[in-house]
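Scope of the values below: all heavy atoms of this structure, side chains included, with no hydrogens, waters or symmetry mates.
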Amino acid sequence: MDKYEVVIAGTGGQGLIVAGVLLGLAATRHGLYVAQTQEYGVSARGGYCQAEVVINEGEIFYPKTEAPDIVVALSEEAFGKFCGKLKENALLIYDCDAITWNGNDRNVVGYGLTSLTRSSGSLRSLNICTLGVILAYRKIVPAQVMQDTLADFFKGKNSEKNIEIFKKGFDLVEYRH
């Protein structure tokens, strides 16, 4: 496994920090080293927000992302911050329900993440759907490890719902390839 630098960016209130924490917990459960940081504006809800996760087999000497391998953009502002500014072979995934882009770049892919999440019953799980998409593209940790992490983090019915939406996000990518 290589070192992975992941950024999940969007608007405060979308659960991006929780998504970063969950990705970090799953990686730790899988025996990897993790550094997780976050950035958000003065207005937590509605302002720009991002979670950064650095994952490595060995020690991590700098906790922030320097050249992300994968970025998920869930708002126009997040998309604008990263589109066209990533290293070669980095992947930018965006929510095409929230962002309009007509460019042509094989490393920029859009999915209807908001629609998929809304059709599953709760827009509050957009962050969990995003984790499914990330892990379908980059096998940072096995999907089962993330599902076990979700089961431990969320209890009862919320656990089942979150695992279901995680699988839908994962399958969205798997079926498209």
Side-chain angles (χ1 to χ4, degrees), residues 1-10 14-39 49-75 78-79 81-96 99 101 103 105-114 116-117 125-151 153 162-177:
M1 182 201 135
D2 295 323
K3 175 180 167 187
Y4 284 102
E5 295 185 2
V6 179
V7 174
I8 306 168
Q14 291 179 307
L16 307 176
I17 306 304
V18 171
V21 168
L22 288 166
L23 181 57
L25 287 171
T28 301
R29 172 177 255 166
H30 195 57
L32 303 170
Y33 289 82
V34 175
Q36 192 274 322
T37 59
Q38 60 263 339
E39 172 187 323
C49 178
Q50 78 178 38
E52 297 183 1
V53 186
V54 179
I55 301 168
N56 197 10
E57 287 181 334
E59 289 183 61
I60 297 169
F61 298 103
Y62 185 70
K64 302 215 23 108
T65 60
E66 297 176 284
D69 300 290
I70 188 165
V71 173
V72 177
L74 300 177
S75 70
F79 187 80
K81 184 173 181 174
F82 292 100
C83 188
K85 300 171 187 142
L86 295 174
K87 69 181 183 181
E88 188 176 337
N89 295 325
L91 179 65
L92 174 59
I93 299 166
Y94 69 97
D95 182 358
C96 61
I99 299 158
W101 185 66
D105 183 336
R106 65 182 178 85
N107 293 331
V108 178
V109 292
Y111 291 99
L113 301 174
T114 298
L116 176 65
T117 306
S125 298
L126 178 62
N127 58 341
I128 307 303
C129 179
T130 298
L131 291 171
V133 172
I134 291 169
L135 293 181
Y137 269 105
R138 302 284 194 264
K139 310 299 186 208
I140 300 168
V141 298
Q144 187 59 54
V145 172
M146 179 56 77
Q147 291 175 46
D148 294 343
T149 302
L150 292 170
F153 191 83
N162 281 301
I163 290 170
E164 180 183 322
I165 193 65
F166 167 80
K167 287 179 181 178
K168 286 186 178 186
F170 191 90
D171 291 345
L172 186 64
V173 175
E174 288 291 298
Y175 294 137
R176 188 166 165 181
H177 275 55

Taking the side chain as C-beta and beyond, is there a heavy-atom pair between Leu22 and Leu131 under 4.5 Å? yes
What I'd like to find out is whether the side chain of Leu116 reaches to under 4.5 Å of the side chain of Tyr111, using heavy atoms alone. no
pair Tyr4-Leu32: side-chain heavy atoms closer than 4.5 Å: no
About how many Å separate CG of Asn127 and CG of Leu23, when rounded to the nearest 0.5 Å? 11.5 Å
If we only count heavy atoms from C-beta on, is the Thr114 to Leu74 side-chain gap below 4.5 Å? no
Flag the pair Ile134 / Ile8 as yes when at least one side-chain heavy-atom distance between them is below 4.5 Å, and no otherwise. yes
What closest approach, in Å, do Thr65 and Glu52 show between heavy atoms, and which atom pair accounts for it? N-OE1, 3.0 Å
For the residue pair Pro63 and Thr37, what are the closest heavy atoms and their distance? O-CG2, 3.9 Å
Look up atom CZ in Arg138 and atom CG in Leu91, then write down how far apart they are to the nearest 0.5 Å. 5.0 Å
With Val71, the side chain to side chain contact (heavy atoms under 4.5 Å, CB included) member among Val108, Ile93, Leu92: Leu92
Nearest non-hydrogen partners of Ala151 and Ile163, listed with the distance: CB-CD1, 4.0 Å
Shortest non-hydrogen contact from Arg29 toward Thr149: NH1-N, 2.7 Å
Taking the side chain as everything from C-beta on, heavy atoms only, tell me whether Leu113 gets closer than 4.5 Å to Leu172. yes
Are the side chain of Ser125 and the backbone of Ile128 linked by a donor-acceptor contact shorter than 3.5 Å? no
Considering non-hydrogen atoms only, spot the tightest contact between His30 and Pro142 and give its length. CE1-CD, 3.3 Å
Could you give me the CA-CA distance, side-chain angles and deciding distance for Gln36 and Val21, then say whether side chain to side chain contact (heavy atoms under 4.5 Å, CB included) is met? CA-CA 7 Å; Gln36 192 274 322; Val21 168; 3.8 Å; yes
Short N-O contact, Lys3 and Glu5, less than 4.0 angstrom: yes
Take a 6.0 Å sphere around NZ of Lys167 and say whether it holds more than 12 heavy atoms from other residues, nucleotides or ligands. no
Smallest heavy-atom separation, Lys139 atom then Phe170 atom, equals NZ-CZ, 3.9 Å
Interatomic distance, CZ@Phe166 vs CG@Asp171, rounded to 0.5 Å, equals 9.0 Å
